[in-house]
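Structure first, then comments.
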Amino acid sequence: MAPRQRQAIKKQQQRGAAAKLHRPPYGTVPSHSPQNPPKDSSWSPVPFPGVSICLYGAVFSVALLCYANTLNHNLVHDDIFAIQNNRDVRGDTPLRNLLVDDFWGKPMTDNSSHKSYRPLCVITFRLNYIIHGLHPFGYHLVNTVLHATVSVLFTYICQMVVFAEITPTAVTAVLFATHPIHTEAVAGVVGRAELMACLFFLLSFLAYERSIKQGKSGFAVTERPGSLVLSLSLAACALLSKEHGATVLGVSLTYDVLVTSRPVIYRVLITRRFGRGCMPLFKRCAVIVATVSVLLVLRVWMLQGHLPHFSEQDNPTSFAPHLMTRFLSYSYLIFFNIWLLLCPSTLSYDWQMNSIPLVESLWDVRNLATIIIFVIFGLLAVSCLVVTEDQERRVLVLGMSFLAIPFLPASNLFIRVGFVVAERILYIPSMGYCILFAHALSKLRGLIGKHGSTTLRLLVTVITLLYISKTVSRNQVWKSRESLFRSGLETLPHNAKMHYNYANFLMDSGQKQEAINHYRTSLRLWPDHASANNNLGTLLKDDPQQAEAHYRRAILINPNHVRAHFNLASHLSKYGHHGDAEVLFRRAIQLDPEFADVHTNLASLLEGKGQLLEAEQFYLNAITLEPKNGDFCNNYGAFLTNSGRYEDARIQYEECLHLQPNHTVTIGNLARLMRRLGQTSQAEQLFLRALSLERRAGLLESLGALYFNTDRPEKAEEAYREAIRLNPQSAESRTHYGQVLATLGKVKEAIRELHVALELDADFAEAHRQLASVYVLAGKHSEGLKHATVALQLDPNAEDVRKASLLFDIGNCLKELARDQEAIQSYQEAVKLNPRLSSAHLNLGAMLHLKGDFAQARRQYQEALKLDPDNRTLQQNIAKLDRAEKRLKKKGTVN
């Protein structure tokens with residue numbers, strides 16, 4: 001019932017009028033009468049209906065204009081996890097998953113879930129994504145319009161339910177629309193949960209207020225049961241938008257008991273008897289209590305038996321060892337939140353860790369502020385109970401209810417929360433603050449008289465302009481990750497999390513050394529910051545011992561830190577500690593079974609250990625978890641290639657390219673597979689396609705090898721030359737380039753490149769082997785012998801075919817150096833390792849031929865002839881051997 005109606009009823013009853021009164025239409029303002037003269041015109045209702053429309057339009061416009069500069073902002077901070085990285089938002093999961101997943105896209109059953117259940121908010125994000133993907137404009141536009149809509153709805157409730165005059169309504173509305181404390185909720189897209197919860201909160205309260213009617217006897221009856229049901233349904237919607245939205249039921253019940261049904265309560269207290277007039281109130285109370293119980297049971301059930309896990313850095317107060325410290329600190333935080341509403345000059349996107357030091361002593365001067373705020377609240381609470389003027393009681397009750405009750409879930413009074421102070425949490429309570437502030441100005445105007453009205457108007461104007469200026473400038477902080485993290489660092493330089501977040505930004509933007517400095521500062525301020533240790537470890541890869549120490553420190557601080565387990569496992573695997581790495585990978589999967597990167601890395605490790613069946617299963621697990629991740633298809637394709645399952649590998653590579661057409665690594669892998677299958681033309685086209693996307697040295701090397709093996713050494717030379725330009729430190733590239741130059745007859749250049757390769761890697765066996773071959777071509781057999789021998793020593797575990805080739809080269813050098821017996825031994829070892837090496841059989845036969853061992857020579861020639869029947873040199877040597885044997889026989893006959 002509107003305040004103006006109740007005042008009229010009271011006056012009618014005083015005059016003894018028997019006529020039935022009707023509720024005036026919402027939005028109208030009754031004219032004054034001689035019995036009810038107007039107050040000072042500056043704070044009185046304006047006697048025409050158009051003022052409401054003008055007020056609503058002004059509030060909507062001011063709210064929009066305050067946040068218009070957020071429309072070109074990026075997705076920052078928590079937006080990345082709640083929207084960009086949320087599979088429920090991107091549509092990677094069925095719509096029904098929104099009913100079982102938390103706000104961040106994790107199943108509520110997951111032990112690592114944040115347990116924040118806000119499906120209605122996530123649905124709006126998903127709708128945004130369907131319309132315009134991840135473009136930030138639409139997300140910010142919805143937030144801005146929601147805030148403007150909430151501001152108008154709050155204005156309507158203030159006019160129709162709270163105030164009897166238009167001016168305090170306008171002051172309250174403008175203060176709420178422009179208050180800087182709202183920047184986090186509006187400028188940060190994840191703040192939409194606050195906006196939606198507030199919208200349903202106000203609608204629920206309005207429906208509840210409309211469901212009640214005060215009868216002639218003063219008893220409040222439930223006139224519209226449908227509105228009551230609607231109110232309860234909207235409260236459930238508020239809960240499904242953000243948890244503290246359900247506190248509207250507490251606000252409605254308080255309003256009913258202390259305002260609407262006060263005559264009933266007063267009569268019960270006087271007579272100490274419950275009459276029939278009490279029953280409507282009791283029924284409404286029972287319905288609300290039952291609804292709250294059902295919602296509470298459902299919400300607890302959604303926790304799946306696990307409360308969210310918060311660390312000491314999230315909420316240091318709740319981990320304080322002494323009860324007095326916790327009590328004093330929590331009490332002071334109430335003052336701190338009120339101070340942010342009173343004076344929002346210093347704002348921060350995060351107040352965790354040591355931002356607000358604990359109150360550990362009764363002599364801490366901050367306790368004085370706590371006492372003052374509790375005294376003020378106590379006086380206001382008493383006033384709600386004892387004030388006799390209906391209108392003032394209404395304002396005080398609703399102001400206190402809107403301020404205090406929605407704040408209770410964040411007060412740590414019932415459950416531990418994951419923050420110290422969160423400005424977004426004050427979005428709903430700020431309505432109560434604005435009501436009380438406007439009421440205080442009205443009382444002040446009454447004390448100073450009409451001569452002070454101009455001063456009050458000036459004061460309100462100045463405050464509004466200051467609010468608008470602060471809001472517009474504060475919005476810019478939320479424009480990007482860099483601006484947000486820089487602002488936090490400037491506001492709270494002693495906060496370890498500010499340094500940690502800024503270090504994350506620096507790491508992502510490639511500013512490695514600056515990131516290291518800020519991670520170290522973060523650890524100096526908060527040594528037990530597990531994630532800072534983990535991230536610092538990833539940047540210290542050049543110092544393996546330091547990196548490992550930080551990973552282990554992170555795990556020691558937080559044994560459930562999945563990333564630390566993963567990073568330490570990857571680190572140990574890189575340095576050959578495969579057993580320990582496997583244990584850590586498996587532990588990471590236990591902690592987070594949906595961490596797909598762990599599955600694919602463990603699969604790679606198991607593949608290297610020869611556990612192919614289990615490795616394949618983990619590759620498939622990764623693809624199942626992230627079916628749209630082309631990297632996993634590529635990794636599985638490489639596994640299938642190594643296993644000789646070329647057709648299956650091709651299918652995986654093509655699936656990856658279907659998901660990511662410009663995945664250059666996959667294009668290169670598919671090209672190599674095509675080359676292995678003999679489809680050189682397709683392979684060449686794929687290599688050229690990959691190089692058109694990215695000029696990578698590895699791709700150029702593979703293309704150069706293809707050209708070389710298809711008798712196009714000139715093109716091979718060009719490819720290797722560019723590869724070396726891109727990666728001049730690659731000994732392998734220079735070795736292959738030297739081989740190509742030797743083929744083109746550029747012996748001196750080939751020798752120079754191969755020596756450079758050995759300067760880069762003196763133990764690179766292939767460079768020694770190629771250099772030996774080039775020296776043989778140049779006639780420098782001593783140098784050739786030296787490098788061929790070194791190559792053989794550096795690669796003792798080489799395949800027999802490769803060893804045979806080196807022994808053949810050594811034999812050639814020894815033959816040219818007239819070390820015949822050693823040459824024969826070298827050839828013999830070569831043909832023993834590789835019986836199909838026809839050139840070794842030929843040269844060994846020739847050496848034996850010259851030594852006069854015709855029988856052994858013929859045996860070697862015959863082996864060579866089987867392998868290479870068209871070799872003219874071989875045919876000539878056999879003919880010479882035949883003539884020698886004939887001469888020998890003839891000579892024996894004559895004798």
Side-chain angles (χ1 to χ4, degrees), residues 70 73-83 103-104 114 116 180-194 242 308-319 329-330 332-333 336-337 339-341 344-358 407 410-412 416-427 470-471 473-508 515 518-519 521-532 534-535 558:
T70 66
H73 287 186
N74 298 324
L75 298 176
V76 298
H77 201 33
D78 288 341
D79 301 347
I80 305 298
F81 304 100
I83 299 172
F103 186 58
W104 312 95
H114 198 272
S116 48
I181 202 69
H182 300 157
T183 51
E184 181 177 1
V186 184
V189 178
V190 294
R192 186 178 302 178
E194 314 290 339
K242 189 158 186 180
H309 172 74
F310 298 118
S311 63
E312 184 178 356
Q313 67 190 45
D314 297 323
N315 189 349
T317 304
S318 65
F319 287 86
S329 297
Y330 284 143
Y332 173 72
L333 288 178
F336 191 88
N337 280 278
W339 181 251
L340 288 178
L341 291 171
S345 59
T346 300
L347 300 175
S348 174
Y349 72 90
D350 197 289
W351 294 91
Q352 293 182 4
M353 298 189 173
N354 287 324
S355 300
I356 305 173
L358 300 178
F407 182 74
S411 65
N412 285 278
R416 175 185 290 166
V417 297
F419 52 82
V420 179
V421 171
E423 294 164 13
R424 61 188 178 276
I425 293 296
L426 296 176
Y427 188 82
K470 178 66 175 180
T471 298
S473 63
R474 181 67 186 168
N475 287 340
Q476 291 300 106
V477 165
W478 290 86
K479 185 173 184 178
S480 65
R481 287 181 70 203
E482 181 177 10
S483 59
L484 183 65
F485 295 155
R486 278 188 181 276
S487 74
L489 208 57
E490 292 168 0
T491 304
L492 300 171
H494 59 285
N495 184 327
K497 191 170 183 180
M498 299 302 177
H499 290 275
Y500 168 75
N501 285 339
Y502 189 53
N504 288 343
F505 164 75
L506 293 170
M507 178 174 65
D508 293 342
H518 281 281
Y519 279 133
T521 302
S522 177
L523 290 173
R524 177 175 55 79
L525 294 169
W526 194 279
D528 289 341
H529 197 313
S531 293
N534 173 66
N535 291 5
N558 181 6

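Below, each value reflects all heavy atoms present in this structure, side chains not excepted, and no hydrogens, waters or symmetry copies. Only a predicted model underlies this, so the values are computations on that prediction, with no experimental measurement involved. All residue numbers refer to positions in the sequence shown, counting from 1.
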Examine distances only and state if a side-chain atom of [X] and a backbone atom of [Y] form a donor-acceptor pair shorter than 3.5 Å.
X    : Y    : value
S480 : S483 : yes
S522 : A496 : yes
E423 : Y349 : no
H73  : Q476 : no
S487 : L484 : yes

* Asked: When you look at CZ of F81, are more than 12 heavy atoms from neighbouring residues, nucleotides or ligands closer to it than 6.0 Å?
  -> no
How long is the span from the [atom1] atom in [X] to the [atom2] atom in [Y], to the nearest 0.5 Å?
X    : Y    : atom1 : atom2 : value
H518 : L523 : NE2   : CG    : 13.0 Å
W104 : I83  : CH2   : CD1   : 9.0 Å
S345 : L340 : OG    : CG    : 8.5 Å
D350 : N501 : CG    : CG    : 7.0 Å
Y332 : N337 : OH    : CG    : 10.5 Å
L489 : T521 : CG    : OG1   : 9.0 Å

* Could you go through the side-chain contact (heavy atoms from CB on, under 4.5 Å) check for T183 and K470 one step at a time? => CA-CA 9 Å; T183 51; K470 178 66 175 180; over 6 Å; no
Do [X] and [Y] touch side chain to side chain, with heavy atoms closer than 4.5 Å?
X    : Y    : answer
I425 : E194 : yes
R424 : V190 : no
W478 : T70  : no
L347 : T491 : no
F407 : L426 : yes

What's the shortest heavy-atom distance between [X] and [Y], and which atoms?
X    : Y    : result
N74  : D79  : O-OD2, 4.5 Å
Y427 : V186 : CE1-CG2, 4.4 Å
T346 : W351 : O-CZ2, 3.9 Å
K242 : A193 : CB-O, 3.8 Å

* Asked: Mind checking what makes side chain to side chain donor-acceptor pair (under 3.5 Å) contact with R474, not counting sequence neighbours?
  ->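 Once residues adjacent in sequence are excluded, R474 has no partner under the side chain to side chain donor-acceptor pair (under 3.5 Å) criterion.
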* In terms of ring plane angle, is the pair H529 and Y500 parallel, tilted or perpendicular, where the classes change at 30° and 60°? ->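 Because their plane-to-plane angle lies in the 30° to 60° range, the rings of H529 and Y500 count as tilted.
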* Asked: Hey, are N495 and S355 close enough side-chain-wise for a donor-acceptor pair under 3.5 Å?
  ->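 Yes, side-chain donor-acceptor contact under 3.5 Å.
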* Asked: Considering residues at least two apart in sequence or located in another chain, which fulfil the side-chain contact (heavy atoms from CB on, under 4.5 Å) criterion with A515?
  ->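 Counting only residues at least two positions away or on another chain, A515 forms a side-chain contact (heavy atoms from CB on, under 4.5 Å) with L506, M507, Y519, L539.
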